[in-house]
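Each chain gets a letter, A, B and so on, in the order the sequences are listed, and its residues count up from 1.
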There are 4 protein chains.
Amino acid sequence: MTAKAMSNSQPQRKVGAREKSAETTRDSLLRAAIKVFAKHGFDGGSIDQISKAANSHDRMIYYYFGNKESLFVAALEEIYRRFNVAEAALKLDLAQPKLALEQVVRFVLHYYKKHPEFVTLLNSENLHRGKHIARSNKAQEFSSPAISVVDEVLRRGIAQGSFRATVASRDLYMMIVALGYFYQSNRFTLSAFLGEDLETPAVFEQWETFVIDAVLRTVLTPAAL
Amino acid sequence: MTAKAMSNSQPQRKVGAREKSAETTRDSLLRAAIKVFAKHGFDGGSIDQISKAANSHDRMIYYYFGNKESLFVAALEEIYRRFNVAEAALKLDLAQPKLALEQVVRFVLHYYKKHPEFVTLLNSENLHRGKHIARSNKAQEFSSPAISVVDEVLRRGIAQGSFRATVASRDLYMMIVALGYFYQSNRFTLSAFLGEDLETPAVFEQWETFVIDAVLRTVLTPAAL
Amino acid sequence: MTAKAMSNSQPQRKVGAREKSAETTRDSLLRAAIKVFAKHGFDGGSIDQISKAANSHDRMIYYYFGNKESLFVAALEEIYRRFNVAEAALKLDLAQPKLALEQVVRFVLHYYKKHPEFVTLLNSENLHRGKHIARSNKAQEFSSPAISVVDEVLRRGIAQGSFRATVASRDLYMMIVALGYFYQSNRFTLSAFLGEDLETPAVFEQWETFVIDAVLRTVLTPAAL
Amino acid sequence: MTAKAMSNSQPQRKVGAREKSAETTRDSLLRAAIKVFAKHGFDGGSIDQISKAANSHDRMIYYYFGNKESLFVAALEEIYRRFNVAEAALKLDLAQPKLALEQVVRFVLHYYKKHPEFVTLLNSENLHRGKHIARSNKAQEFSSPAISVVDEVLRRGIAQGSFRATVASRDLYMMIVALGYFYQSNRFTLSAFLGEDLETPAVFEQWETFVIDAVLRTVLTPAAL
DNA sequence: CATGAATGAGCTTTCATTCAT
DNA sequence: CATGAATGAAAGCTCATTCAT
């Protein structure tokens, strides 16, 4: 059931009106769930809110997803799927590792900015100590593409001699993600604490420039700096 | 009331049995609130849970704090106060900016590690778009010490010629905090995604080393590298 | 839903067990609400009391009525519906306006006496400055039958020459209602103040006689007196 | 205690500052109670609301009045006292019974209009089946002045030959009061039902004229009409 | 494929009241 | 004369979920 939800692909056989309507119901419930969970978290979001936002009924959530937790897992999987789809569309010039790395950083920062639900859903999941994703058995499968990309760029740079050989791809990956994620995730308290609105474009751009600089300085060999 | 709570001074005058008991009740409610909110977030944590954890009653929370939101604000203020107290105890050798900066990074990473409630409470607050802290009118006052420390270290390094003059203290501050915060905040999903437990000491140490390296490379002049 | 409740018609089609049960639940909740609100007012009557009196559960009130206020509105509408049903059953001899008027007075006095909930519910509503009935958009529709009856009797009497042409039907209506309502509504404080129990039949009958006399003297022409 | 409150009289002995303040507290609590109970009824009005409206504390209500019910009784007694004070100030021309009766009617209608708390408090009391006033043992003492006035006017009119001898003063009293009380008490639902705002001066005046007419026609002998 | 009905436990909050000092 | 602290019960309402059809 969830497997079907994960693929956005081809109906091989002709679907009747009823089946189509069914898919629509399930999809709109999932979309509504992402929105509501993103806004209020797992605990704050209610089954009722979600079913109403989807113009459906409570009962349908149980019909399609079983219970609230499974719906949340489906929502998590869906946002990860979307992220991977977006990342797969990235066309990196691997011949120029430095440029490619910069591209990756830009992609990550902009994706988080445009998809705040990605951040809030993951926060909610971490608040619950990752217990939902642990049940998903797709966890690694989901993150591997992202790490692979960083890994490949890194290896190319090292092979070329412009990147330091001692940098671990896992650390580099986490650095990029952390700098993008934190800015988005904590923008409200940060804005209050810094007395500066992090949602204005100028502030974001300064941060982006800084992050690219920091990442490159961390990775590049002194000679390539 | 909160003013009293914010100061860590001892009561100079002898307190009667009642007053003492009152302070104890309020304090234990606040402590319990921090624990419960840290574990379950603002929505997930219930007034009942908190009052019971404090060996008190629902009613007392309303007596001392008014409502759930105000209790949450008080909890937020308290954890920030604690953070600032801990940071104030840091003895930095400002004559050696590079070393001092390393100390700051270590402090931040270890503080977040030892105080997961700091991270979860802030996450919960950001889920609610900072609406509670906005009401606290102590926001800036709270974060200024932390930024000041980074700012001073940075200025010293620049004066000495070992730090690059183009780095903004706000960016440097956010970088350090982001790298420490994200590791702690997202350790569950990260562990699942990476297939590696981020809570083992070895992994944490590798990350700490990496972060120090990244921060220094971002800040140091090529010559000082 | 309320439309169905308002009509006193029988369900034409066979109803399944479930539907029947549903109707029963809603109806018994409404009946219980009328009783409880009549006895304790809107504020004094509790959701819990009502649901228990109906052998149901709190939750069902919210399921069928949404909230306490809407339940109260439904109760108000129901008692007005009942009054109108009872009044519609009145067979007035319009050829004898004086007699018909007497009949109307008797009907009103006796109806209030037999249906104290009518009086207490309206009092409760007036305490809240009519805010519930204002939301009901059936207000005028409810009272118009009663006024129409008075109006018609009055017009007949005037046409016949036995009633004074200067009496406004609205004033006459209010007079009759006031004299019946007040006796019932304030019988407890009046009994205490007058030192005489207004609930004894003899006292009621004296009042009834007096009211009929007063109404007729107010309406009849000197010649017809 | 309540006895003292009932009289607005002379402090025989010099009162110290503290005592004065004490009286003020008690009085402002009582005034606040009348306002709050008038607005929300006995059940809807809360001890907290009252004490805050009086700039005092919950505890003080218990100190001065014992409990909520006794406070309500005190409030009832106070509004009756005020009514009697106002009525005692009425200067009736008993030599002209017809005019005097008209004056009484006007007084009652205007008093209810200007003192809606009188009406709502009595309604609240009747909702509770007069159980508070029953405890007050001042009930009759309170209403007797009002009835006495009507009684005296009536007797004078009968003696003069202009009033019908068969009218009972109790019925006449109730008629006047009912017509004034009901208009005020039920003005909200009536306005909704009639589609006409009973609070506009013109409508009130029409009613006043009608009531005077009705009362006189009920009382006057045919000859005196 | 969908729905109306039902459920029990839980939620935050307010209630009137009493205690000790 | 006044106050800060405490209490247990109850309030209105929402929660996730299951039932029968």
Colleague: In whole angstroms, how far is the P atom of F:dC15 from the CD1 atom of A:I50?
Modeller: 11 Å
Colleague: Out of F:dT14, F:dT7, E:dA20, which nucleotide sits closest to the side chain of C:R59?
Modeller: F:dT14
Colleague: Convert the base pairs of DNA chain F into dot-bracket notation, remembering that pairs crossing earlier ones are written with [ ] and that bases paired across to another strand are shown as |; include only Watson-Crick or G-U pairs under 3.5 Å.
Modeller: .||||||||||||||||||||
Colleague: Could you tell me how far apart A:Q49 (CD) and F:dT17 (P) are, to the nearest whole angstrom?
Modeller: 15 Å
Colleague: Can you tell me if B:S46 touches the phosphate of E:dC11, counting only side-chain N or O atoms and a distance under 4.0 Å to OP1 or OP2?
Modeller: yes
Colleague: Does any donor atom in the side chain of A:T24 or A:D27 lie under 3.5 Å from an acceptor atom in the other side chain?
Modeller: no
Colleague: On DNA chain E, does the nearest nucleotide to B:K68 precede the nearest nucleotide to D:K68 from the 5' side, or the other way round? Give the residue.
Modeller: B:K68
Colleague: Closest approach to the side chain of A:T25, judged atom by atom: which nucleotide of F:dT17, E:dA6, E:dA2 is it?
Modeller: E:dA2
Colleague: Establish whether the base of E:dA6 is bridged to the side chain of C:Y63 by a donor-acceptor pair shorter than 3.5 Å.
Modeller: no
Colleague: Going by atom type alone, with no hydrogens or angles, which donor-acceptor pairs under 3.5 Å involve a side-chain atom of residues 29-43 of chain A and a protein atom two or more places apart or on another chain?
Modeller:
{"from": "A:H40", "atom 1": "ND1", "to": "A:Q49", "atom 2": "NE2", "distance (Å)": "3.3"}
{"from": "A:D43", "atom 1": "OD2", "to": "A:H128", "atom 2": "NE2", "distance (Å)": "3.1"}

Colleague: Can you check the B:H40 NE2 to E:dG10 C1' distance for me, whole Å?
Modeller: 14 Å
Colleague: Nearest whole angstrom, please: distance from the P of E:dA5 to the CD1 of C:I61.
Modeller: 16 Å
Colleague: Under 3.5 Å, is there a donor-acceptor pair linking the side chains of C:N123 and C:T120?
Modeller: no
Colleague: What's the closest nucleotide to the C:D58 side chain, out of E:dA6, F:dC13, E:dT17?
Modeller: F:dC13
Colleague: Answer yes or no: does a side-chain N or O of A:Y62 lie under 4.0 Å from OP1 or OP2 of F:dC19?
Modeller: no
Colleague: Taking CG from B:N55 and P from F:dA6, how many angstroms apart are they, rounded to a whole number?
Modeller: 13 Å
Colleague: Walk me through whether C:E69 and C:K131 qualify under salt bridge (charged side-chain N to carboxylate O under 4.0 Å, His left out).
Modeller: CA-CA 10 Å; C:E69 295 219 338; C:K131 73 171 174 178; 3.3 Å; yes
Colleague: If you compare every side-chain N and O of A:H57 against the phosphate oxygens of E:dA2 (OP1, OP2), does one of them come in below 4.0 Å?
Modeller: no
